[in-house]
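Small disclaimer: the values here were computed from a predicted structure and weren't measured. Counting from 1, the numbers follow the sequence of the chain as shown.
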Amino acid sequence: MADNYRSFTAIGTFPDDDIWQTDEGSFRPFRRRIDYLASKPVPLTELRSRLALTSAPGWGHQLRFGLIPLDADDVKTLRGTMTS
């Protein structure tokens, strides 16, 4: 069951550049629309050695801040693995 929390679970594209702020009481996060692709979860263990994202020590810390850019090779690897 632990692998469920260590997987890439969704992939999509941003159809536009619109960013808006929601009002959830004292929490006001920013949001973007995403067009999700049909995909399957892929365990991190299957991809870790193939991604630039996971190559640096402490790589997971950057994910805590929300959206991060991925290089083109990582996008291609993730999309190919998750949508096949």
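Under a hydrophobic clustering in which Ile, Leu, Val, Met, Phe, Trp and Tyr are joined whenever their side-chain heavy atoms come within less than 4.5 Å, directly or via other members, Ile34 and Phe30 fall into different clusters. Follow the hydrophobic side-chain contacts under 4.5 Å out from Phe65 and you never reach Leu70; the two are in separate clusters.
For Arg48, there are no salt bridge (charged side-chain N to carboxylate O under 4.0 Å, His left out) partners two or more places apart in sequence or in a different chain. In terms of the side chain to side chain contact (heavy atoms under 4.5 Å, CB included) criterion, residue partners of Asp16 (sequence neighbours excluded) are, by chain and number, Asp18, Arg33. Applying the side chain to side chain contact (heavy atoms under 4.5 Å, CB included) test to Arg50 and every residue at least two apart in sequence or in another chain returns Leu47, Thr77, Thr81. With sequence neighbours left out, the ring-ring contact (aromatic ring centres under 6.0 Å, His included) criterion links Tyr36 to no other residue. Residues satisfying the side chain to side chain contact (heavy atoms under 4.5 Å, CB included) test with Phe27, not counting sequence neighbours, are Glu24, Pro29. For Asp71, the side chain to side chain contact (heavy atoms under 4.5 Å, CB included) partners are Ala52, Asp73, Asp74, not counting sequence neighbours.
Summarising the geometry, atom CZ belonging to Arg31 is positioned 5.0 Å from atom OG1 belonging to Thr22; distances are rounded to the nearest 0.5 Å. Remark: Ser7 OG to Met82 CE distance equals 9.0 Å, nearest 0.5 Å. The CZ atom of Phe8 lies 5.0 Å from the CG atom of Leu51; values are rounded to the nearest 0.5 Å. Distance CG/Leu53 to CG/Leu44: 8.5 Å, rounded to 0.5 Å.
Residues His61 and Arg64 meet the side-chain proximity criterion, which asks for heavy atoms closer than 4.5 Å.
Remark: Asp17 CG is loosely packed, at most 12 non-hydrogen atoms of other residues, nucleotides or ligands lying under 6.0 Å away.
Looking at Gln62, its side chain does come within 3.5 Å of a backbone N or O of Trp59 through a donor-acceptor pair.
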